[in-house]
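Everything below concerns the one structure shown next.
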Amino acid sequence: MKKFSIIGVGGFVAKKHIDCIKNLKGRLISTCDINENVGFLDQNFPKTLFFNNQKDFFYFNKKNKVDYIIVCTPSYLHFKNIKSSLQSGCNVIVEKPPVLNYSNLKEIYSLEKKYKKKCFCIFQLRLNDRLIKLKKKIEKNPKLFENKRISIDYYTYRGDWYFKSWKNTKKLSGGLLVNIGIHFFDILIWLFGNVKNLKLNKKNNEHSKGKIKFDHAKVSWNLSLKRNNMAIKNKQTKFLRRMIVGKHIFKFDKFNDLHEKNYLNILKHKKFHISEFEKTIQILKHLTK
Ligand SMILES: NC(=O)c1ccc[n+]([C@@H]2O[C@H](COP(=O)([O-])OP(=O)(O)OC[C@H]3O[C@@H](n4cnc5c(N)ncnc54)[C@H](O)[C@@H]3O)[C@@H](O)[C@H]2O)c1
């Protein structure tokens with residue numbers, strides 16, 4: 001039974017990690033947050049320790065040889081938390097975006113070597129069955145979609161709270177394209193190869209769009225936090241997240257069980273290692289310049 005600890009346990013995404021640990025019969029040994037509103041822990045892990053101080057949290061994990069520290073803090077803290085976790089002799093599972101810049105990534109590789117531990121990432125969409133099938137098709141025939149129309153509509157509504165939170169501050173989250181766009185930019189690179197050319201037609205905190213030429217496709221994308229008329233017509237007031245590839249429509253709707261698949265992938269196959277996101281981090285650097 002693996003031993004896990006979570007930093008940033010009080011937030012939105014940590015609840016998905018708690019479900020994974022529970023379903024995979026892991027032990028949640030310790031948790032940390034600066035916000036103490038974490039009474040929900042008593043439902044599934046009543047005995048887990050809680051720290052509101054990072055120094056004590058990392059010291060505890062080192063002493064107790066915890067297998068994985070899960071980083072669910074706001075994105076600007078990821079690098080610092082990954083570093084402390086590796087220094088504590090623990091492997092890491094970090095939420096997306098694993099880090100906000102490329103030089104952090106390089107430093108993580110050397111810390112991994114120094115402390116002989118590894119850093120893995122959550123990029124759950126790479127585990128969507130239909131996207132895996134599409135990737136296999138493209139691997140067999142890389143030219144398959146070269147002349148087809150490919151577009152992404154990613155409307156994912158956010159209320160006023162979002163615009164007042166760390167998520168809307170570029171320095172803290174990377175901004176809209178990193179915080180939310182990363183999901184589909186990562187999928188596009190994974191499917192269609194290197195970026196040859198990119199054009200941004202619109203960019204603000206709430207709505208961005210552009211075109212990217214990859215090795216094997218030309219894609220136009222549209223990302224918005226506003227309500228979308230088509231989604232409202234379909235009685236889906238919050239989301240319209242889809243990719244159109246020729247005649248096929250892929251909906252990015254079934255996110256829910258994918259965190260657990262991601263955990264199994266890490267535990268069984270040691271994937272996704274943080275190095276698998278080098279290209280994605282590089283393209284985001286260009287888009288957010
Ligand atoms: N994979 C996905 O689909 C997905 C979805 C949502 C968020 N995320 C990522 O997960 C991370 C967290 O996002 P969220 O939506 O849960 O944010 P959130 O703001 O809801 O939660 C962050 C938590 O971290 C805590 N925190 C802040 N500073 C801290 C510190 N110094 N020490 C300890 N705890 C601290 C906060 O109190 C809060 O409880 C982000 O990197 C985000 O990009 C991924």
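From a predicted model like this one, the values you see are computed outputs, not experimental measurements. In listed order, ligands and their atoms are each counted from 1. Hydrogens, waters and symmetry mates are skipped; everything else that's a heavy atom, side chains included, is used.
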> Centroid-to-centroid, His17 to Tyr263, below 6.0 Å?
Replying inline: yes

A student comparing Asn262, Thr73, Asn37 should find that the heavy atom closest to atom 11 (C) of ligand 1 comes from Thr73

Quick note on ligand 1: atoms under 4.0 Å from a heavy atom of Gly10 include exactly 39 (O)

*Does Trp166 come within less than 4.0 Å of ligand 1, judged by its heavy atoms?*
yes

Within 4.0 Å of some non-hydrogen atom of Pro74, the atoms of ligand 1 are 22 (C), 24 (O), 26 (N), 27 (C)

So the atoms of ligand 1 within less than 4.0 Å of a heavy atom of Ser75 turn out to be 40 (C), 41 (O), 43 (O)

- For atom NZ of Lys2, decide whether the heavy atoms of other residues, nucleotides or ligands shown that lie under 6.0 angstrom number more than 12. no

Note to self: With a 6.0 Å cut-off on the ring centroids, do Phe51 and Phe60 count as close?
What the structure shows: yes

Parallel, tilted or perpendicular, judged at 30° and 60°: which one describes the rings of Tyr154 and Phe252? tilted

Per-atom filter on ligand 1: closer than 4.0 angstrom to a heavy atom of Gln54 are 30 (C), 31 (N), 32 (N)

Check your understanding: Looking only at heavy atoms of Pro97, does any of them come nearer than 4.0 Å to an atom of ligand 1?
Key -> yes

Atom 42 (C) of ligand 1: of His259, Glu95, Lys96, the nearest heavy atom sits on Lys96

Note to self: With respect to Cys32, determine whether any N or O atom, backbone or side chain, lies less than 3.5 Å from an N or O atom of ligand 1.
What the structure shows: no

For this session: Flag yes if more than 12 heavy atoms outside Lys3 fall under 6.0 Å of its NZ atom; otherwise flag no.
Result: yes

- Item | Phe277 ring center within less than 6.0 Å of Phe123 ring center | yes

Out of Thr31, Asp33, Asn35, the nearest non-hydrogen contact to atom 39 (O) of ligand 1 is supplied by Asp33

Does any non-hydrogen side-chain atom of Tyr162 lie less than 4.5 Å from one of Leu225?
yes

Ligand 1 contact by Lys167, heavy-atom criterion under 4.0 angstrom
yes

Per-atom filter on ligand 1: closer than 4.0 angstrom to a heavy atom of Asn179 are 43 (O)

Does CG belonging to Asn37 count more than 12 external heavy atoms closer than 6.0 Å?
no

Numbered in order shown, the ligand 1 atoms found under 4.0 Å of a heavy atom of Leu77 are 28 (N), 29 (C), 30 (C), 31 (N)

With a sphere of 6.0 Å drawn around NZ of Lys213, does it hold more than 12 non-hydrogen atoms of other residues, nucleotides or ligands? no

The single option from Ser85, Ser30, Ser84 that satisfies side chain to side chain donor-acceptor pair (under 3.5 Å) with Asn61 is Ser30

**Asked** Taking N or O atoms only and a 3.5 Å limit, does Phe12 qualify as a polar contact for ligand 1?
**Response** yes

In ligand 1, the atoms that come under 4.0 Å of a heavy atom of Ile34 are 26 (N), 27 (C), 28 (N), 29 (C), 30 (C), 32 (N), 33 (C), 34 (N), 35 (C), 37 (O)

Closest to atom 41 (O) of ligand 1 (heavy atoms only, candidates His17, His78, Lys15, Gln124) is His78

